[in-house]
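For this chain, numbers begin at 1 and follow the sequence in order. When a ligand or atom number is given, it counts from 1 through the structure's own listing order. Any value given below was found using the heavy atoms of this structure, including those in side chains, with hydrogens, waters and symmetry copies removed.
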Amino acid sequence: MTSTDEKVDAKPNILITGTPGAGKSYLCQRLADQLKLNWLDCSKIAKENDFVEEYDDEYECPILDEDKLMDYMEPLMQQGGNIVEYHGCDFFPERWFQAVFVLTCSNTQLFDRLKERGYNEKKLKSNLECEIFGTVLEEARESYKPDIVFELKGDTKLDAEDSCKTVKNWYKAWKRK
Ligand SMILES: Nc1ncnc2c1ncn2[C@@H]1O[C@H](COP(=O)(O)OP(=O)(O)O)[C@@H](O)[C@H]1O
């Protein structure tokens, strides 16, 4: 097999990150379908496999056992072709991802989405602050090379369409490289 053939078959790993409620699942579902990628929702995997260290009563959420999650993901990531979703990104090995997309969302939209999820006041406030301060975007820029980190808007259906196009264009360009 030539190196060109290998590239035809090879697929990159893409990370979709952002504050909870920014629209990661909404986008990943569409991209996984359209680009035929394997969608790895880290929170879901952690829950299903009990990769949980303890439970945070204050914020009413499980605390992820990152090492167990990464051991589970490593063989999948080596195969390529995954679209990974998580609300944090600094603990993954940098080598895993060829692109990192950070979804951002307006506060009014995020407030409505998180209220709808029944988040308590403290959790709601902390997530809104996370978005206001651009915490996940900063985390991504500090954890990965700047030229592979891209910001996407997640407010409206039109935003989602644009985001799909952006990721698909990135994918096409990556394939051509
Ligand atoms: N671009 C969008 N346009 C309209 N609604 C969206 C968009 N993105 C997400 N939503 C809606 O917002 C809610 C939260 O989205 P979700 O994808 O679950 O967020 P996350 O995975 O980041 O926590 C869902 O009800 C989803 O249908």
Chemist: Taking atom types as modelled and ignoring hydrogens, do the side chains of T156 and D159 form a donor-acceptor contact shorter than 3.5 angstrom?
Modeler: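 Per modelled atom types, T156 and D159 side chains form a pair under 3.5 Å.
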
Chemist: Should E74 and R95 count as an ion pair when the cut-off is N to O under 4.0 Å?
Modeler: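 R95 and E74: salt-bridged.
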
Chemist: As a test of reading the model: which residues have a non-hydrogen atom less than 4.0 Å away from ligand 1?
Modeler: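 For ligand 1, the residues that come within the 4.0 Å heavy-atom cutoff are T19, P20, G21, A22, G23, K24, S25, Y26, E85, R113, R117, G154, D155, T156, K157, A160.
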
Chemist: Look at the side chain of S163 and the backbone N and O of K153, then say whether any donor-acceptor pair between them is shorter than 3.5 Å.
Modeler: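 Between the backbone of K153 and the side chain of S163 there is a qualifying donor-acceptor contact (under 3.5 Å).
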
Chemist: Can we say K125 and E129 salt-bridge, meaning some charged N sits less than 4.0 Å from an Asp/Glu carboxylate O?
Modeler: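 Yes, this pair counts.
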
Chemist: Could you walk me through whether K145 and E94 pass the side-chain contact (heavy atoms from CB on, under 4.5 Å) test, one step at a time?
Modeler: CA-CA 9 Å; K145 293 202 177 77; E94 197 185 341; 3.8 Å; yes

Chemist: Do you see a donor-acceptor pair shorter than 3.5 Å between the side chains of W39 and E85?
Modeler: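 Looking only at side-chain atoms, E85 and W39 do form a donor-acceptor pair, the distance falling under 3.5 Å.
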
